[in-house]
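Inspection log for the structure reproduced underneath, given as structure tokens.
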Amino acid sequence: MTARLPPLTRRKSDARVRGAARHALVPARLDQALIARAKVEWESAVDSVPELICLLDAQRRVVRINRSVERWGFSPLRAALGLNMHRILHPHCSGRRCVLNRGLKELWSTLPDHGRATLHLEDPTLGKVLAFEGQRIGLPGDRASLQTKSYALLVVSDVTELTRTQEELRLLNERLEGRVRERTLELEQSNDALREEIRRRELAEAALFASRNELRNLSIQLMRAQEIERKRIARELHDSVGQSLSAIKYTLEHTVQLVLKPTLGDAMSRLSQAVDQVQRLIGEVRSISADLRPKVLDDLGVASAVRGFCRQWAEVYQDIQLTVHVSVEDDDVPEALRTIIFRTVQEALNNIAKHAAASHAWVTIHRQDGELAVEIADDGSGFSGGARLSGTRTGLGLRGLRERARHSGGRLHVDSEPGKGTRLRIAWSVQDPSAAQGQVA
Ligand SMILES: Nc1ncnc2c1ncn2[C@@H]1O[C@H](COP(=O)(O)OP(=O)(O)OP(=O)(O)O)[C@@H](O)[C@H]1O
Ligand SMILES: [Mg+2]
Ligand SMILES: [Zn+2]
């Protein structure tokens, strides 16, 4: 700060002038001391900041500079005066093709217009990132403009660390964002997989529910069928065995009468009549039992049982020509499959007799490439929706076969179309019979 002294003029009397001068001398000395103190305070404040601060004249030369020029390792403070900033920072640089030199010139060129300019550059010579902030001083209305030759204030900050940290932060951020993107993608994918899994389970649940329902219906129908079968057996026993036994009892009672009173007739002929009746009854019991389960199935095996059944069937249904081709032997068929194979042939042939109105039927059992297959076909009327065995059909036969096939590890395939006959096939994959008898793969 500069104090304004009152102007010395000779217009007033000497006494008044001397008095005024005496009066002004003391405050002037005081002001000098204050100014000096303020200068020191101000300079030491400016010296203590980490930035390089300097005042430049209109020719870009340093007029004043703070101690940072020494702390930063450039020239001693006094030697810096009069130099331009490029010369201070790059003492050995010619300035040609120097980014710092070019940058500083550009910064300088924008100062008169804008009063303020900034520059941020990475200086390969110093290996630092520097930030320059120029501020024009001495503009009209500026207090310092009159007395000083200072043209601009330049503040230089070393932002190497800051820039490095910012760059690290940016990279970190980028990496983080990348990780977030990756993770989001992973989450989306696993979400998709989860949704798919839920959908699959829902489908499986629905299928399970449907098959449980069907199974329940089937077991209800099975119980009904069992009841009907029991009634049939009871009736058969009553009608045939019961009647025959009554007849035998009557004949034997009559024979007893004849033995007691031989005059009434010939007991011997009555007895032989009873023997005939018993013989007939044995035949009837055998046929009922064979109907329930053919003995040959357990005694010999399924091939013999199927051949026997086909023979009987062909005798009964003589207008249907039956071709039987059983190329397996009894021992070729695992024990676990005997009953189902026999029941399949029985059910399919009975269906042909009941529904098909066929003129030709075929039964084939063969074993090939580790597969055992039973096939029954006809050239009859056929039916629609055969492959689905939909629940609308009330018959138990085919659905029972499908359940049996499923439980024994096989698969039932029904191929039928109205007017095109029917082909029914069940196949199982089986191991080598010599390796493991009775095993179903
Ligand atoms: N070989 C065939 N030719 C024509 N239609 C058939 C044949 N086999 C089955 N069907 C049709 O499929 C239906 C279902 O057969 P399925 O054996 O399941 O029952 P069903 O024979 O009617 O009764 P059940 O077998 O319980 O005594 C039959 O009612 C019939 O309409
Ligand atoms: Mg049937
Ligand atoms: Zn340079």
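Positions are given from 1 along the sequence. One-based numbering, in listed order, for ligands and for the atoms of each.
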Can you check whether Phe342 reaches Leu337 side chain to side chain, under 4.5 Å on heavy atoms?
no
Within the structure provided, determine whether His86 and Lys105 are in side-chain contact (heavy-atom separation under 4.5 Å).
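No. Closest side-chain heavy atoms not under 4.5 Å.
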Confirm or rule out an N/O/S atom of Asn350, from backbone or side chain, lying less than 2.8 Å from the Mg ion (ligand 2).
no
For this output row, return yes or no: ring centroids of Phe132 and Trp108 closer than 6.0 angstrom.
no
Proximity to ligand 1 by part of Asp378, non-hydrogen separation under 4.0 Å:
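Within the 4.0 Å criterion, Asp378 contacts ligand 1 through side-chain atoms alone.
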Relative to ligand 1, is Leu398 under 4.0 angstrom through side chain, backbone, both or neither, heavy atoms considered?
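The part of Leu398 near ligand 1 is both the backbone and the side chain.
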Vertex the Mg ion (ligand 2), rays to OD1 in Asn351 and OE2 in Glu347 - rounded to 10°
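Vertex the Mg ion (ligand 2), arms to OD1 of Asn351 and OE2 of Glu347: 100°.
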Does atom CZ of Arg64 have more than 12 heavy-atom neighbours, drawn from other residues, nucleotides or ligands, at distances under 6.0 Å?
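Open.
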What are the atoms of ligand 1, with element, lying closer than 4.0 Å to any heavy atom of Ala356?
1 (N), 3 (N), 4 (C)
Give the atoms of ligand 1, by number and element, whose distance to some non-hydrogen atom of Thr422 is under 4.0 Å.
1 (N), 2 (C), 3 (N)
Any Ser381 heavy atom less than 4.0 Å from ligand 1:
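Ser381: in contact with ligand 1 (<4.0 Å).
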Among the N/O/S atoms of His90, select the one at the shortest distance from the Zn ion (ligand 3) and name it.
ND1
When you compare ligand 1 with Phe383, is there at least one nitrogen or oxygen pair between them that comes in under 3.5 angstrom?
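In this structure, Phe383 places no N or O atom under 3.5 Å from an N or O of ligand 1.
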Between ligand 1 and Lys354, is the shortest N or O to N or O distance under 3.5 Å?
yes
Please check if any side-chain donor atom of Thr323 sits under 3.5 Å from a side-chain acceptor atom of His360, or the reverse.
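His360 and Thr323 do have a side-chain donor-acceptor pair below 3.5 Å.
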Measuring from Arg411:CZ to Trp428:CH2, what's the distance to the nearest 0.5 Å?
13.0 Å
Write down the atom of Phe74, the atom of Ile88, and the distance for their closest heavy-atom approach.
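Closest heavy-atom pair between Phe74 and Ile88: CD2-O, 3.5 Å.
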